[in-house]
**Student:** 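Submitted below is the structure of interest, expressed as structure tokens.
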2 protein chains.
Amino acid sequence: MVEFKDYLVLFRQNGYRLTSQRTALLQTLTDHKGEHLSARQITENVRSRDQNVDTATVYRTLELFTKLHIVNEIKGATGISYQIVPVGDKHNHIVCEECGTTFDYSSQYLEGLRTMLVQDLRFELHLEHSTLSGVCEQCQTNVSLEQYGNQRLLSRRTHGT
Amino acid sequence: MVEFKDYLVLFRQNGYRLTSQRTALLQTLTDHKGEHLSARQITENVRSRDQNVDTATVYRTLELFTKLHIVNEIKGATGISYQIVPVGDKHNHIVCEECGTTFDYSSQYLEGLRTMLVQDLRFELHLEHSTLSGVCEQCQTNVSLEQYGNQRLLSRRTHGT
DNA sequence: ACAGCTATTGCAAATAGTCGCAATAACAGA
DNA sequence: TCTGTTATTGCGACTATTTGCAATAGCTGT
Ligand SMILES: [Mn+2]
Ligand SMILES: [Mn+2]
Ligand SMILES: [Zn+2]
Ligand SMILES: [Zn+2]
């Protein structure tokens with residue numbers, strides 16, 4: 001309650017209101033700091049505290065929180081997930097296209113890119129929440145990669161059993 | 001038909017088959033090279049050539065093509081869109097969080113990041129298809145930005161009309 | 001050209017996510 | 001504390017995306 005004073009200020013400053021539903025969402029998200037929660041998981045958890053919050057409200061709230069940078073929207077292999085923005089632990093995500101694992105890495109890696117984009121394109125990159133993809137170390141060795149033009153291929157040769 | 005020989009090889013090599021539906025998809029996508037098409041647009045266009053392709057097939061095909069890097073999946077402000085991978089014109093996307101515009105920029109900007117991730121984390125980044133977000137030049141000047149902790153806020157002060 | 005194997009498809013049913021709207025509840029101002 | 005304004009919510013309807021399964025059609029080998 002009193003912990004969310006910062007959020008309350010943030011809401012007020014932008015013309016939004018702090019409702020019981022939003023508080024429930026914040027509670028759920030902070031309780032699972034560091035985890036990647038799906039919309040469904042969030043809905044269920046929120047409902048365990050505030051009986052009948054509608055899914056529409058959850059989605060609308062998640063969208064708002066994302067705009068306000070209260071949460072990060074992460075597009076992993078299993079779909080979209082959310083996590084409260086980790087203060088003091090700014091990290092971004094890279095997803096392995098082979099095994100689907102999501103890895104964290106420091107935002108510092110993006111500083112160079114950020115600088116270049118600002119200089120050349122005047123575009124101010126937000127580096128608190130991005131998801132890039134590629135192939136992790138393990139999958140690079142396990143899998144026999146091949147070339148097709150300039151692109152990597154799937155390793156899988158046969159389907160089914 | 002004969003143009004898609006490369007894709008046929010790609011399919012075969014990985015145990016996939018070149019069906020009439022996949023050909024229709026390829027046709028549609030190449031016809032709109034450079035554009036960002038929604039699943040709906042693709043479905044409609046595909047149906048104009050191959051009467052009754054089901055939406056399920058379209059989604060499944062799009063997923064396959066994405067895995068094979070035949071198409072890029074782009075998450076813009078209006079939702080998800082697809083485009084056939086542009087050979088010789090490798091570019092990535094940055095979306096403005098304010099106005100929703102999607103901008104293209106050369107993959108070269110990501111080379112530095114790619115090198116670092118390989119060296120430090122042994123993660124092989126795929127830089128043919130990424131979408132980052134931030135604020136474009138126009139919105140930076142138009143909008144009065146404020147600070148909250150370390151994060152940028154929305155500009156909007158009041159809602160409604 | 002034919003046969004067998006199995007990847008792929010359409011269909012239908014299930015989920016997930018979105019939207020308009022009238023009722024409600026924050027909140028700024030008195 | 002009371003009041004007016006309007007952001008927000010729940011609900012129902014709607015659209016989008018996913019999934020299981022039996023029928024179909026690529027493809028490889030003969
Ligand atoms: Mn994380
Ligand atoms: Mn583009
Ligand atoms: Zn992996
Ligand atoms: Zn903009």
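Below, all heavy atoms of this structure are taken into account, side chains as well, without hydrogens, waters or symmetry copies.
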**Student:** Between A/Arg47 (CZ) and D/dC11 (C1'), how many Å, whole number?
**Tutor:**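 Result: 12 Å.
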
**Student:** Can you identify which nucleotide, out of D/dT8, C/dG10, D/dC27, has its nearest atom closest to the A/Tyr16 side chain?
**Tutor:**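 Nearest nucleotide to the side chain: D/dT8.
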
**Student:** If you check the B/Arg17 side chain, which of D/dG10, D/dA25, C/dA12 turns out closest?
**Tutor:**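 Given the options D/dG10, D/dA25, C/dA12, the side chain of B/Arg17 is closest to D/dA25.
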
**Student:** Rounded to whole angstroms, how far apart are CG on A/Leu62 and C1' on D/dT9?
**Tutor:**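 Going from A/Leu62 (CG) to D/dT9 (C1'), I get 16 Å.
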
**Student:** Could you tell me whether a side-chain N or O of B/Gln140 sits under 3.5 Å from a main-chain N or O of A/Arg122, the two making a donor and an acceptor?
**Tutor:**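 Yes: the side chain of B/Gln140 pairs with the backbone of A/Arg122.
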
**Student:** Between atom CG in B/Asp54 and atom P in C/dA12, what is the gap in whole Å?
**Tutor:**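 Rounded to whole Å, this separation is 9 Å.
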
**Student:** Nearest whole Å is fine: how far is C/dA26 C1' from A/Leu10 CG?
**Tutor:**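 Checked: the CG to C1' distance equals 16 Å.
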
**Student:** Please figure out whether B/Arg22 or B/Thr55 has its closest DNA chain C nucleotide nearer the 5' end.
**Tutor:**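 Its nearest nucleotide being more 5', the pick is B/Arg22.
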
**Student:** Using whole Å, report how far CD of A/Glu63 lies from P of C/dT18.
**Tutor:**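 Value for this atom pair: 7 Å.
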
**Student:** Does one side chain, of A/Tyr105 or B/Asp120, offer a donor that lies under 3.5 Å from an acceptor on the other?
**Tutor:**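 No, because no side-chain N or O of A/Tyr105 sits under 3.5 Å from a partner of the opposite role on B/Asp120.
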
**Student:** Figure out the OH/C1' separation between B/Tyr7 and D/dC27, and round it to whole Å.
**Tutor:**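 After rounding, the gap between these two atoms is 22 Å.
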
**Student:** If Ile, Leu, Val, Met, Phe, Trp and Tyr residues are connected whenever their side-chain heavy atoms lie under 4.5 Å apart, and connections chain through other members, are A/Leu132 and A/Phe103 in the same group?
**Tutor:**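 Both belong to a single hydrophobic cluster.
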
**Student:** Report the nucleotide, chosen from D/dT18, C/dT9, D/dT9, that has the shortest atom-to-atom distance to any side-chain atom of B/Arg60.
**Tutor:**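 Nucleotide nearest to B/Arg60's side chain: C/dT9.
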
**Student:** Taking OP1 and OP2 of D/dA25, is either one under 4.0 Å from a side-chain nitrogen or oxygen of B/Thr19?
**Tutor:**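 For D/dA25, neither OP1 nor OP2 has a side-chain N or O of B/Thr19 closer than 4.0 Å.
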
**Student:** Go through C/dC27, D/dT15, D/dT28 for me and flag the one nearest to the B/Arg40 side chain.
**Tutor:**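 Among the listed nucleotides, the one closest to the side chain of B/Arg40 is D/dT15.
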
**Student:** So which nucleotide from C/dT9, D/dC27, C/dT18 ends up closest to the side chain of B/Arg12?
**Tutor:**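 Nearest listed nucleotide: D/dC27.
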
**Student:** What do you reckon, is CD of B/Gln108 surrounded by more than 12 foreign heavy atoms closer than 6.0 Å?
**Tutor:**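 Counting neighbours around CD of B/Gln108, 12 or fewer heavy atoms of other residues, nucleotides or ligands fall under 6.0 Å, so no.
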
